Amino acid sequence: MKIYFAPLEGVTGYIFRKAYNEIYGHVDKYFAPFITPAENCPITPREKKDITPENNEGMNLVPQILTCRSDHFIESSRELHAMGYKEVNLNLGCPSGTVCAKGKGAGFLQDTSALQKFLDDIYAYSESVGMKISLKTRLGYNEPDEFYALMDIFNAFPISELIVHPRIRTDFYKGDPRKEYFAYALEHAKCPLVYNGNIYTTSDYDEFSSFFGTSLDPVMLGRGLVSDPSLAGKLKGTDTETDFAKLRKLHDTVYHEYQKVMSPDINVLYKMRELWTYWQVLFEGKERDIKRLLKAKKYAEYEAIANRILANGLL
Ligand SMILES: Cc1cc2nc3c(=O)[nH]c(=O)nc-3n(C[C@H](O)[C@H](O)[C@H](O)COP(=O)(O)O)c2cc1C
């Protein structure tokens with residue numbers, strides 16, 4: 001089976017991806033958090049740092065673009081193509097208020113005629129240069145039934161893969177995924193489909209697969225794979241338990257790499273706190289330590305608590 005790592009802006013940047021890939025592996029494709037092209041600036045230096053091949057060695061990476069302007073999308077794609085990328089992904093799912101207000105991300109799903117024109121332009125470009133374009137979409141903006149019309153639109157284009165997160169914009173990342181709409185996609189999509197949403201455990205994967213009557217393959221994992229980095233290995237049958245020695249290594253690697261590129265100390269600790277909000281589910285009974293760790297303001301304090309928690313995982 002193929003496993004894709006979902007893009008999580010602020011979490012799965014190049015430092016995390018590289019460490020994860022070296023320590024765990026098992027991921028067939030990584031999707032980079034979105035880049036947002038602007039007039040005369042297809043990719044900012046900061047964005048470039050995240051996707052430059054030298055920071056992503058040994059992994060299959062797909063950059064993602066967030067825009068509603070086809071000229072901007074094409075300019076960024078050209079630059080990515082020149083960097084050696086053969087696939088780019090369009091973000092049609094971001095639910096953020098500022099993004100949607102500009103008609104991007106999930107906001108773009110509201111204007112189907114503009115979306116159709118945009119897809120006309122970008123697929124004409126992709127065919128001319130042989131660049132694959134995949135889409136990552138929600139079901140709609142206000143109503144899940146918007147998905148029926150969207151599916152008809154998508155079916156008119158040579159989408160390399162359609163990744164569906166079966167929620168609408170107003171769901172953000174909460175509630176149960178609207179599975180029946182992914183079932184509709186399975187029946188009607190003319191392109192390869194990828195399921196994404198709320199798979200945290202192998203049982204979740206089995207439940208979703210049995211609901212759909214087919215093994216979800218490929219499957220895209222986001223929060224579940226950050227929370228339990230052994231999940232990909234478990235799904236592929238090479239791991240049966242969460243590997244706490246690897247988690248320790250992942251923790252130490254990203255912590256030291258963040259220290260090399262970030263300052264002041266508190267910024268590194270903010271990054272680590274975000275990871276711990278995912279990892280905390282692995283450390284039942286350690287809630288008090290985790291609460292303290294999430295408030296730590298100095299490296300020494302943070303390290304003492306993190307060492308205690310991580311050592312506990314190895315017992
Ligand atoms: C903190 C955070 C950042 C995200 N950043 C992106 C992003 O840059 N691009 C994108 O397509 N989706 C982004 N997503 C959505 C995830 O890729 C994924 O679709 C979502 O979390 C549902 O999958 P999951 O339940 O497996 O996590 C983000 C989600 C979260 C929680």
Side-chain angles (χ1 to χ4, degrees), residues 2-14 16-17 20 27 29-37 43-44 46-47 50-51 61-68 73 76 87-100 104-109 133-140 159 161-179 181-182 185 193-205 207-209 216-232 234-235 270-281:
K2 286 200 162 35
I3 294 178
Y4 295 174
F5 213 136
L8 298 178
E9 209 260 316
V11 182
T12 63
Y14 74 96
F16 179 89
R17 289 194 303 268
Y20 182 89
V27 167
K29 241 189 222 188
Y30 292 82
F31 287 75
F34 60 77
I35 58 179
T36 46
I43 308 175
T44 65
R46 190 159 176 258
E47 290 168 341
D50 187 57
I51 50 169
L61 182 70
V62 177
Q64 185 188 62
I65 302 176
L66 175 77
T67 185
C68 56
F73 185 95
S76 289
E87 177 184 343
V88 282
N89 180 264
L90 171 69
N91 180 320
L92 290 175
C94 182
S96 132
T98 43
V99 166
C100 291
K104 304 182 204 174
F108 206 178
L109 301 174
I133 302 178
S134 53
L135 308 185
K136 183 165 179 283
T137 189
R138 287 185 184 246
L139 302 175
I159 296 169
E161 280 184 309
L162 180 64
I163 303 156
V164 180
H165 177 53
R167 289 193 165 102
I168 56 172
R169 186 256 166 173
T170 43
D171 293 333
F172 287 87
Y173 296 110
K174 297 202 193 88
D176 283 336
R178 300 168 186 266
K179 293 203 224 34
Y181 289 87
F182 188 77
L193 268 183
V194 182
Y195 176 84
N196 167 241
N198 281 38
I199 295 181
Y200 289 91
T201 62
T202 53
S203 328
D204 291 339
Y205 176 83
E207 270 170 41
F208 279 97
S209 290
L216 295 171
D217 182 8
V219 65
M220 177 180 266
L221 310 172
R223 294 165 298 176
L225 192 48
V226 178
S227 303
D228 179 3
S230 295
L231 180 60
K234 289 181 186 174
L235 287 171
Y270 284 140
K271 289 298 266 192
M272 297 313 294
R273 281 180 199 175
E274 184 146 17
L275 286 170
W276 278 102
T277 61
Y278 293 96
W279 292 339
Q280 59 187 337
V281 294

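Order of appearance sets the numbers: ligands from 1, and atoms from 1 within every ligand. Because the structure is predicted, anything quoted here is derived from the model rather than measured.
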(request) For the residue pair F182 and Y195, categorise the inter-ring angle as parallel (less than 30°), tilted (30 to 60°) or perpendicular (more than 60°). (result) perpendicular

(message) Under the rule for salt bridge (Lys or Arg N to Asp or Glu O under 4.0 Å), what residues qualify as partners of R178, not counting sequence neighbours?
(response) D171

(request) Give me the ring orientation class for F16 and Y20: parallel if the planes are under 30° apart, tilted from 30 to 60°, perpendicular past 60°. (result) parallel

(request) Answer yes or no for R169 and F108: cation-pi contact, defined as NZ/CZ to six-membered ring centre under 6.0 Å and angle to ring axis within 45°. (result) no

(request) Tell me, please, which residues at least two apart from K234 pass salt bridge (Lys or Arg N to Asp or Glu O under 4.0 Å). (result) D228

Put together the list of close N/O pairs, under 3.5 Å, between ligand 1 and the protein, could you?
{"unit_1": "ligand 1", "atom_1": "5 (N)", "unit_2": "P7", "atom_2": "O", "d": "3.4"}
{"unit_1": "ligand 1", "atom_1": "5 (N)", "unit_2": "E9", "atom_2": "N", "d": "2.8"}
{"unit_1": "ligand 1", "atom_1": "8 (O)", "unit_2": "F34", "atom_2": "N", "d": "3.4"}
{"unit_1": "ligand 1", "atom_1": "9 (N)", "unit_2": "Q64", "atom_2": "OE1", "d": "2.8"}
{"unit_1": "ligand 1", "atom_1": "9 (N)", "unit_2": "N91", "atom_2": "ND2", "d": "3.4"}
{"unit_1": "ligand 1", "atom_1": "11 (O)", "unit_2": "Q64", "atom_2": "OE1", "d": "3.3"}
{"unit_1": "ligand 1", "atom_1": "11 (O)", "unit_2": "Q64", "atom_2": "NE2", "d": "2.7"}
{"unit_1": "ligand 1", "atom_1": "11 (O)", "unit_2": "N91", "atom_2": "ND2", "d": "3.4"}
{"unit_1": "ligand 1", "atom_1": "11 (O)", "unit_2": "K136", "atom_2": "NZ", "d": "2.9"}
{"unit_1": "ligand 1", "atom_1": "12 (N)", "unit_2": "K136", "atom_2": "NZ", "d": "3.0"}
{"unit_1": "ligand 1", "atom_1": "14 (N)", "unit_2": "P7", "atom_2": "O", "d": "3.3"}
{"unit_1": "ligand 1", "atom_1": "14 (N)", "unit_2": "Y173", "atom_2": "OH", "d": "3.3"}
{"unit_1": "ligand 1", "atom_1": "17 (O)", "unit_2": "P7", "atom_2": "O", "d": "2.7"}
{"unit_1": "ligand 1", "atom_1": "17 (O)", "unit_2": "K136", "atom_2": "NZ", "d": "3.1"}
{"unit_1": "ligand 1", "atom_1": "19 (O)", "unit_2": "K136", "atom_2": "NZ", "d": "2.8"}
{"unit_1": "ligand 1", "atom_1": "19 (O)", "unit_2": "N196", "atom_2": "OD1", "d": "2.6"}
{"unit_1": "ligand 1", "atom_1": "23 (O)", "unit_2": "N196", "atom_2": "OD1", "d": "3.4"}
{"unit_1": "ligand 1", "atom_1": "23 (O)", "unit_2": "N196", "atom_2": "ND2", "d": "3.0"}
{"unit_1": "ligand 1", "atom_1": "25 (O)", "unit_2": "N198", "atom_2": "N", "d": "2.7"}
{"unit_1": "ligand 1", "atom_1": "25 (O)", "unit_2": "R223", "atom_2": "NE", "d": "3.4"}
{"unit_1": "ligand 1", "atom_1": "25 (O)", "unit_2": "R223", "atom_2": "NH2", "d": "2.7"}
{"unit_1": "ligand 1", "atom_1": "26 (O)", "unit_2": "G222", "atom_2": "N", "d": "2.9"}
{"unit_1": "ligand 1", "atom_1": "27 (O)", "unit_2": "R223", "atom_2": "N", "d": "2.7"}
{"unit_1": "ligand 1", "atom_1": "27 (O)", "unit_2": "R223", "atom_2": "NE", "d": "2.9"}

(message) Test of understanding: with salt bridge (Lys or Arg N to Asp or Glu O under 4.0 Å), list the residues that count as partners of E161, not counting sequence neighbours.
(response) K29

